[in-house]
Amino acid sequence: MAEEVKLFKTFSTTFGLRVVQALKLKGIEYEAIDEDLSNKSPLLLHYNPVYKKVPVLVHSGKPISESLVILEYIDETWKQNPILPEDPFERARERFWAKFNDEKLLPTIWGVFIKEGKDREEAMAGSVENLKFVEEELKGKKFFGGDKIGLADLVFGWLGNLMGILEEVSGLKIVDERYPLLLAWMKEFSEHPVIKDTWPAHDKMIIRQHLQALLTRTGGIFLCNLS
Amino acid sequence: MEEVKVLGSWPSPYGFRVQWALELKGVEYEYVDKDLFNKSDMLLKYNPVHKKIPVLVHNGKPIAESVVILEYIEETWPQHPLLPKDPYERAMARFWINFLDNKDKVAPFVTFFIGLGEEHKKAAEEVKELLKIYEEQVLGEKKYFGGEEIGMLDLAMGWMAASFGVIEEIVDVRILDGETFPRLHAWIQNFRANPVIKNNLPDHD
C-alpha cells in the first residue's frame with residue numbers, strides 16, 4: 001500500500017528545505033505543495049491551525065508542523081540513512097546544535113541583514129561570537145554529523161546556500177576567512193550529491209532577496225522572511 | 001558506577017523538569033545549585049555556549065538545554081518512558097513542548113507575574129487564551145498530558161502545577177480555577193499528588 005506523504009512549503013523556505021533534504025536523503029517519495037503565503041490555502045490552514053506556517057508534513061492524512069519536530073518524525077518513521085546517530089550523547093549533541101542554529105545563530109545573522117546602525121553592530125557582534133562556536137564544533141569533522149550528513153547539517157544547511165545569496169544582495173561579508181572549517185563545510189554540504197539539486201533557483205532567490213531588502217528599507221510589510 | 005549530576009538553580013522550572021525526569025526513572029543523581037558555585041568556572045566548563053542551567057553531567061559529559069536533556073534521559077534510561085512509542089504521538093508531544101517553550105508563549109505568563117496596570121491586564125487575557133488551548137486542545141479528556149501516566153509534556157507543563165498558584169496569590173488575581181479550567185485544575189491535583197513529584201516541589205514560600 002503506497003504511503004501518502006505530502007509536504008507543504010514555499011519555493012524558498014529555509015525550514016522547508018531541511019525537510020526536503022531529509023526526505024531525499026532517505027529516498028522517500030512525496031508530493032510537494034508550494035504555498036503562496038500571502039494567500040494561504042484552506043488545506044494549509046486546516047493542517048496547521050496553530051501556526052498557519054510552512055513546512056507541514058502530512059503522512060497518511062496526519063499533519064506534523066515545526067521543522068525540527070518533522071525531522072525527528074521522519075527519522076523515527078523511515079529508518080534508512082538515519083540523520084541522528086545511535087549514541088544518546090551524540091544525538092543530544094546534534095539536537096543541541098540544531099536548537100543553537102534556530103534560536104541563536106540564524107536570528108543574529110538575519111539581524112545583520114535587516115537591522116541598521118547600532119542594532120546592526122550588535123547583531124554583527126552576536127553573529128561573530130555564534131559563528132566562533134560553530135567553527136569550533138567542526139574541528140576534526142567533515143560534517144557536523146561526522147562522516148555523513150546528520151540533523152545538525154540539515155539545520156545549518158541554509159549557510160551553504162542562502163548565506164551566499166544574502167551576502168551577494170547586501171554586499172556584506174559575514175562568513176569570511178576567519179572561519180575556514182565552516183567555509184569548507186559549506187562547500188562540502190552544498191555540493192553533496194543529494195543536496196546540490198535541492199537548492200531553489202539562484203536567480204529567483206536573488207530577485208526575492210532584493211525585493212525583501214527594498215521592502216524592509218521602505219518600511220514595507222515583511223512577510224515570513226525566511227519562507 | 002554511573003555518575004549523574006544536575007546543575008540547576010532553584011526555583012528554575014527548567015531545572016525541575018530534569019530532576020523530575022530522573023526521579024520518575026529512579027536514577028540517582030547529585031543536585032548542585034548554581035548559586036553554590038562560582039558561575040564563571042563551572043558553567044563555563046559545562047555550558048560554554050549558553051552559560052545557563054540546567055546542565056546534566058553524565059560520567060563527566062555535559063548536556064545542556066532542558067528539552068535536549070529530557071530526550072537524552074529518555075534514551076539513556078528507558079524505564080518509566082516519558083514519550084509514547086508511536087512516532088506520530090511523539091511528534092505531537094514534541095510539538096506542544098516546543099509551543100509552550102516558545103518565547104511568545106512564555107512572555108504573557110512572565111508579564112502576568114511582574115507586569116503592572118494595562119500590561120498586566122493584557123497579559124492576563126493572553127494567559128487565559130493559552131490556558132484554554134492547553135485545557136481543550138492539548139490535555140482534552142486525558143488524565144495527564146502523557147495519557148495514563150506522566151510524560152515529557154507533563155514535566156514541561158509541570159511548572160504550572162508547581163508555581164502558578166503561588167503566582168496567582170502574589171498578584172492577587174485568580175485565573176486557573178476549577179470552574180473555568182476544570183481539566184487543568186484536575187491535572188494539577190493529580191500531578192502534585194504523584195509521590196515522586198510531591199517530594200520535589202519548590203517550597204511554597
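Naming: A, B, ... by sequence-line order, numbering from 1 per chain.
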Between B/F109 and B/E126, is any pair of side-chain heavy atoms under 4.5 Å apart? no
Most contact-rich option vs chain B, by heavy-atom pairs under 4.5 angstrom, among A/E66, A/K62, A/E72, A/K132, is A/K62
Go through A/I64, A/N130, A/D75 and name the one with the most non-hydrogen pairs under 4.5 angstrom from chain B. A/I64
Can B/E65 and B/Y14 be counted as having a side-chain donor-acceptor contact under 3.5 angstrom? no
Under 4.5 Å from any heavy atom of chain A - which part of B/H50: side chain
If the test is side chain to side chain contact (heavy atoms under 4.5 Å, CB included), which one of B/E135, B/E136, B/K132, B/Q189 qualifies with B/L184? B/E135
Sort B/Q137 into side chain, backbone, both or neither according to what part of it lies under 4.5 angstrom from a heavy atom of chain A. side chain
Contact part of A/R91 toward chain B, heavy-atom cut-off under 4.5 Å: side chain, backbone, both or neither? side chain
Just how far is it from atom CE of B/M152 to atom CD of B/E74, taken to the nearest 0.5 Å? 5.0 Å
Please state whether the side chain, the backbone, both or neither of A/E103 comes within less than 4.5 Å of a heavy atom of chain B. side chain
Do B/D33 and B/Y31 meet the criterion of a side-chain donor-acceptor pair at a distance under 3.5 Å? yes
Salt-bridged, A/K142 to A/D147, with N to O below 4.0 Å? no
Taking side chain as everything from C-beta outward and backbone as N, CA, C, O, which of these in B/R94 sits under 4.5 Å from a heavy atom of chain A? Side chain, backbone, both or neither. both
If we define contacts as heavy-atom pairs under 4.5 Å, which of A/T77, A/V50, A/D87 has the most with chain B? A/V50
Interface moiety of A/P63 toward chain B, non-hydrogen atoms closer than 4.5 Å: both
Determine the sole option in A/W185, A/W97, A/F96, A/F100 for which the ring-ring contact (aromatic ring centres under 6.0 Å, His included) test with A/F144 is passed. A/W185
